[in-house]
Amino acid sequence: MRGFWRQLYNSKGAGALGIWLGFGVVFFWFCLGWGGGHWLIADVWVGGMGFLAMGLAFFRRKFGVVGEFWGDIEFGLGILLGSFLFATSFEPDGFPAVFLCLACCTVLFSKRSVGWLYGAAIFLDIPVTLLRQGGRNWKGFIAHVFWMALFAAFYHLVLSAKFWSAKQAEKRAIEARMRELEKRAHRLRLSGEAYASQAEWLWASVHEVDGALENLLKVLQYALRADSAAVFLVLEDRQSLCWHLGEGDIRQHKREPFLAAEGALSAVLKNEAPLHLFSENGLKSLGYCVGHIQALLATVLKDKEGIVSGVLLVERTGGVAFGVEDEVQLSVLAQEIQRVMDLERTIVNVRRNAAERDRFFRVVNELNRSNSPEQVLSAIIESAQHIAPLDFCAITLVDDSEGKRFHKIARVSGGDISMEKRVFEDNVGLVASVVRYGVALPSKDTLSSERHVVFCENIFLGGMGSIKVFPLTAGERTLGTLVVGSKKKMAIEADELRMLEVVAISAAQAVLRAQLFGQMEKMATMDGLTSLYNHRTFQVRLDEMLSTSKRYGRQCSLILFDVDHFKNVNDTYGHPVGDDVLRRIGKLLRKLARDSDIPTRYGGEEFALIMPETDLQGAQVIAERIREAVEVEIFQTEKGILRVTVSLGVATFPECAKEKAELIEVVDQRLYMAKRKGRNCIVAVSSNANKGASSKLLGENFLRQ
């Protein structure tokens, strides 16, 4: 029987069903014994909903409807109905049970379930409070709705605060443990700044070393019949000692760092020789110890380079001094202890070097796979950040066009992102100097950005304690620079600087490859004389624009024009002048075209302008601007001043043509019509041109002789 009730209690649905059955009995008891008048109506309302809930529960079990939400609703409704039955029987003193019920639901169920239960509570409160004694008690009903919501929200906030506080406490405990782990690893020379993030390796290495040291200290304590044995390690500042590990009675040892020049251990470090001390009255001024020690034997720990790394000592309190044989055994154990630390340090370095090598190969591989300029810049930034702990990284590119040298900040990560895309002239800053001389600056280590100009006077990079600028050199060309920085001083280690230098060399090759790829793409899509899109690109882009227009039901206009009497220009002034005319007209076309327009050289002296989402009237306005700009342009030649004019044809899709070939044919006809009308004018296509009707000239402002 006890097992049955335990199973019933552990099942939300079954538990709720039992609760509703129990409440049904209570409901009849209240109706027959205590209910009457208004209370009878409220009991019937609440009890009726209870029976409805039981019916839904049986239905859910019969048809196998499962889910946590429905289980929460069953269980929550059971508790809620019970609280309302209690409230209707002891009104008004019983209604706080409903508040307590909603608070419990907030603890037990999800937000979604609590929301539905809150709605059910409002529904159940209608006969209990709103329809009390046949009236309309709106004031009491709204107060109940407010207090039910407040109880549910308050408990939710309290629980959320508790969970958040517990999570933060756990996070702080983990961080404190990791800081202690890193400190121990630093004392054992197992890690540097870059390696400290490898928590698993640190933990395994420190655990391995400490386990071996504990065993050796136990052996030492037993062999020398000492009361305690301990290892003190020299900290990175070479000025302090810190307790690391001990065996036996080590309660008297200070755990915080102390100056190595103070106390008895200073003689061991200074002479680098074993030290014997004995006093029946107890040793004084030990520096590291606060207990009663009568005998002390200590010796230094030296690594394989002969550098003192710490002190090994044993202590006695029984009035017996250490002898010469004890000194020999201590020296032997000191060598073994140092060998354990050196061996683990070597293993860690091998692991670290292997990881750095793999990471470096992945970086180079990522650079080699990048082709487009954007991909290359992103890959360089990510590669540099994988190599070293950087707070700032930037790539600058050099432009030597028009006889002057400019530097462009192509990509920035960290720092002031607004400096990206900014251009500055050549100067005496670090970036310009690195490009000028082709060597990394500073030549040794790093420097602070506060005292040196990195980019220029107007682009200030502050807050960096370590800055290094590498040249992006490909062959004999310096394409730009790689600027790396950290807020901490001396934060980038020598090995990382060497790897960043190699990354800069690979990055230069990637930048050069991307530039060559861009030039090839430009040669394939652009006209070399006018720097406009060529005829092939015109066909491709016109297909794209017309396809978009068809899909979204929008207009697309096309302007086609050429230079009037261009053959006479070549024959009279020469082909170089003719090329200059085409080049200048191409420049005017780029200037007058909108950002969304596509200016192209259609062929020979013919030009085209694709204008997406532009109607016929808008295209005529741009065409007139082009005609006027060319008309007033002056060309200086050896034979005097030259002026040229253009004739233009305009058509719009789908108003004038339904297909690309038809559109080009119609606009080409309008161009030749402008030629026949006297040149230096515009002819636009009427709406019925695609049906074979004759075109008309639109307006005096668009027809010029």
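This one's a predicted model, so the numbers in the text were calculated from it and none came from an experiment.
The nearest pair of heavy atoms linking Leu663 to Ala651 is CD1-CB, 3.7 Å. Between Lys639 and Tyr573 the shortest heavy-atom distance is CB-CE2, 3.9 Å. The two atoms that bring Thr481 and Val434 nearest to each other are CG2-CG1, 3.8 Å, heavy atoms only. Across every non-hydrogen atom of Met464 and Lys487, the tightest pair is SD-N, 4.0 Å. Nearest heavy-atom pair, Gln509 versus Gly475, reported as atom, atom and distance to 0.1 Å: NE2-N, 4.4 Å.
Taking the side chain as every heavy atom from C-beta outward, Phe455 and Leu461 approach each other to under 4.5 Å.
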Just do the side-chain contact (heavy atoms from CB on, under 4.5 Å) check on Phe460 and Met419 with the steps written out, would you? CA-CA 9 Å; Phe460 179 70; Met419 67 176 64; over 6 Å; no
Determine, step by step, whether Ser413 and Gln385 satisfy the side chain to side chain donor-acceptor pair (under 3.5 Å) criterion, reporting the C-alpha distance in whole Å, the side-chain angles of both residues, the deciding distance to 0.1 Å, and the verdict. CA-CA 9 Å; Ser413 176; Gln385 291 174 337; 2.7 Å; yes
From CA spacing to verdict: side chain to side chain donor-acceptor pair (under 3.5 Å), Thr548, Arg554: CA-CA 8 Å; Thr548 303; Arg554 298 170 181 172; over 6 Å; no
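With respect to Lys567 and Asp571, a salt bridge is recorded, a charged nitrogen being found less than 4.0 Å from a carboxylate O. For Arg625 and Glu628, the salt-bridge test fails: no basic side-chain N is under 4.0 Å from an acidic carboxylate O. Salt bridge status for Asp399 with Lys404: absent, with no side-chain N to carboxylate O gap under 4.0 Å.
In this structure a side-chain-to-backbone donor-acceptor pair under 3.5 Å is missing from Arg601 to Gly528. Under the 3.5 Å distance criterion, the side-chain polar atoms of His535 are matched with a main-chain donor or acceptor of Tyr602. Side-chain atoms of Ser547 never come within 3.5 Å of backbone atoms of Asp543 as a donor-acceptor pair (strictly under, hydrogens ignored). Side chain of Asn534 to main chain of Ala524: a donor-acceptor pair is present (N/O by atom type, distance under 3.5 Å, no hydrogens or angles). Between the Thr645 side chain and the Glu631 main chain, no donor and acceptor come within less than 3.5 Å of each other. Side-chain atoms of Arg411 do not come within 3.5 Å of backbone N or O of Cys393 as any donor-acceptor pair. No side-chain donor-acceptor contact under 3.5 Å links Ser486 to the backbone of Asp391.
Remark: Arg590 CZ is packed, more than 12 non-hydrogen atoms of other residues, nucleotides or ligands lying under 6.0 Å away.
Partner Leu609 forms a side chain to side chain contact (heavy atoms under 4.5 Å, CB included) with one of Ile626, Leu558, Ile598, Thr600 and no other, that one being Ile626.
Using modelled atom types and a 3.5 Å distance limit, the side chains of Thr614 and Arg594 yield a donor-acceptor pair.
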